[in-house]
Amino acid sequence: FNKDWIVWLDTNQSGENQLYAMNRASGEISKIKNCEYNKPQLRLAGDNLVWVEQQDLNQDRLYLYNFKSGEPVVLEIFDNPTYGTCPPSISEELLVWVVPSEEDPDNKSFIKVLDLSKALSADLAASSQGQGGQPANQEAEAQEAGTEDVPQEEGVDPEILDPKGFAIYPATNGKAIAWLDNLNPSEAHLKLTLDNGKTIIDVDENVARPYGIGDGFIAYMKEDNVMAYFWELDRYAQLNKPGTKARLTQGGVYGNKVVWYSAENPNDKKDQLYISTVEKPIELNLGSN
């Protein structure tokens with residue numbers, strides 16, 4: 001949820017998944033679509049919702065839904081399960097997702113970066129000229145037949161970021177973009193770029209999910225600690241006290257806040273949840289005097 005919308009999956013034991021949204025201002029509830037084969041991870045920012053949905057045993061699709069246009073649009077089709085099960089990341093400015101290299105899909109990836117303001121402006125302009133998406137009934141028929149077309153809007157192709165290797169589980173705050181370079185946390189490096197891949201910062205190694213990008217820092221888990229890296233100063237901080245164990249929450253990094261919980265006693269029936277306000281460390285200017 002955010003300040004304007006709440007989105008959720010209504011599921012049952014038969015495997016039926018209905019994707020709904022509620023307008024928080026009006027209280028109106030609307031159905032977005034059916035998700036037949038899996039329970040996709042939803043990502044919401046502003047008026048945009050994204051998710052990856054299983055189409056059949058061999059295919060997954062990346063959907064973008066804008067609440068103003070009111071139609072789900074397919075942005076990518078995956079036939080590689082490693083990438084098809086990887087959720088995208090969205091901010092109010094950018095949408096990022098990973099795709100395999102055709103030459104070496106197991107060891108080489110690319111990150112697609114879509115400027116949402118440009119894409120949605122072009123999409124709404126095309127819709128006003130009668131060039132938008134299919135009507136709802138035709139879209140439903142196309143989904144059932146498996147013949148949905150991937151939209152190719154002129155002038156809004158995503159930029160391609162080359163991570164110089166394998167990339168998985170991307171994240172963005174609209175300015176910085178980060179990713180892991182291995183599916184195995186014990187071998188994964190956390191990478192970060194501020195200039196669309198021209199410069200890649202190797203933040204840390206042996207990094208586990210989840211992680212997130214805040215204002216001027218990236219928060220992540222390493223071993224039993226919740227860490228923060230400030231890229232402007234190239235400095236690190238630990239949010240939990242030394243000698244304690246902590247876990248970062250999914251989606252728990254936003255602005256200058258980090259939400260995490262204590263992992264000291266797994267058998268404790270009560271969870272201890274913490275919210276840290278992260279401030280930029282003071283940069284000391286030590287002169288010769």
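From a predicted model like this one, the values you see are computed outputs, not experimental measurements.
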- Message: Checking the side chain of Asn2 only, and the main-chain atoms of Gly46 only, is there a donor and an acceptor separated by less than 3.5 Å?
- Response: yes
- Message: Whether the side chain of Asn240 engages the backbone of Val226 through a donor-acceptor N/O pair (distance < 3.5 Å, no angle test) should be reported.
- Response: yes
- Can you tell me how far the CE atom of Met22 sits from the OG atom of Ser30, to the nearest 0.5 Å? 10.5 Å
- Item | Chi angles and distances behind the side chain to side chain donor-acceptor pair (under 3.5 Å) call for Asn196, Glu159 | CA-CA 9 Å; Asn196 212 37; Glu159 294 187 51; 3.0 Å; yes
- Item | Exceeds 12 heavy-atom contacts within 6.0 angstrom, atom NZ of Lys31 | yes
- Message: With side chain to side chain donor-acceptor pair (under 3.5 Å) as the criterion, how do Lys198 and Thr193 come out once you've worked through the C-alpha distance, each side chain's angles and the decisive distance to 0.1 Å?
- Response: CA-CA 8 Å; Lys198 296 177 182 178; Thr193 183; over 6 Å; no
- Using the ring of each side chain (for Trp, its six-membered ring), is Trp260 parallel, tilted or perpendicular to Tyr274, with breaks at 30° and 60°? parallel
- Search all heavy atoms of Pro105 against all heavy atoms of Pro100 and return the closest pair with its distance. CB-CB, 3.7 Å
- Task: Would you check if the distance from the ring center of Trp5 to the ring center of Phe67 is below 6.0 Å?
- Result: yes
- Answer yes or no: does atom CZ of Phe1 have more than 12 heavy-atom neighbours from other residues, nucleotides or ligands under 6.0 Å? no
- Item | Closest non-hydrogen atom pair between Asp56 and Asn58, with its separation | OD1-N, 2.8 Å
- Aromatic ring proximity, centroids under 6.0 angstrom, Tyr65 and Tyr63: no
- Query: How far apart are the C-alpha atoms of Asp234 and Tyr229, what are their side-chain angles, what is the distance that settles it, and do they pass the side chain to side chain donor-acceptor pair (under 3.5 Å) test?
  - Reply: CA-CA 7 Å; Asp234 191 26; Tyr229 173 71; 2.8 Å; yes
- Applying side chain to side chain donor-acceptor pair (under 3.5 Å), run through Ser109 and Tyr83 and close with a yes or a no. CA-CA 9 Å; Ser109 312; Tyr83 298 88; 2.7 Å; yes
- What is the minimum heavy-atom distance between Phe166 and Ile168, and which atoms define it? CE2-CB, 3.8 Å
- Going through the distances and angles, do Leu95 and Leu75 end up as a side-chain contact (heavy atoms from CB on, under 4.5 Å)? CA-CA 11 Å; Leu95 170 62; Leu75 295 182; 3.4 Å; yes
- Residue pair Glu205 / Lys222: nearest heavy atoms and the distance that separates them: O-CE, 3.3 Å
- Item | Lys112 NZ/CZ over Phe110 ring centroid, <6.0 Å and within 45° of normal | no
- Closest approach of Gln41 to Pro87 (non-hydrogen atoms, all atoms of both residues): OE1-CG, 4.0 Å
- Can you tell me how far the OG1 atom of Thr244 sits from the CD atom of Gln272, to the nearest 0.5 Å? 10.5 Å
- For the residue pair Phe230 and Phe217, does the interplanar ring angle fall in the parallel (under 30°), tilted (30 to 60°) or perpendicular (over 60°) class? tilted
- Query: Do other residues, nucleotides or ligands put more than 12 heavy atoms under 6.0 Å from the NZ atom of Lys164?
  - Reply: yes
- Query: Is it true that atom CD of Gln18 has more than 12 heavy atoms of other residues, nucleotides or ligands lying nearer than 6.0 Å?
  - Reply: yes
- Message: Assess the residue pair Lys280 and Asp215 against the criterion (salt bridge (charged side-chain N to carboxylate O under 4.0 Å, His left out)); give the C-alpha distance rounded to whole Å, side-chain angles, the decisive distance to 0.1 Å, and a yes or no.
- Response: CA-CA 9 Å; Lys280 182 180 177 180; Asp215 292 340; over 6 Å; no
- Item | Reported OG-to-CZ distance for the pair Ser91 and Arg43, which is rounded to 0.5 angstrom | 13.5 Å
- Query: Has the side chain of Asp202 got a donor or acceptor atom that lies under 3.5 Å from a matching backbone atom of Lys191?
  - Reply: no
- Message: Test your reading of the model: is there a side-chain donor-acceptor pair from Asp271 to the backbone of Leu273, 3.5 Å cut-off?
- Response: no
- Task: Compare every heavy atom of Ala119 with every heavy atom of Leu114, then report the nearest pair and how far apart it is.
- Result: CD1-CB, 3.9 Å
- Side-chain heavy atoms under 4.5 angstrom apart, residues restricted to Ile, Leu, Val, Met, Phe, Trp, Tyr: same cluster for Tyr261 and Leu239? no
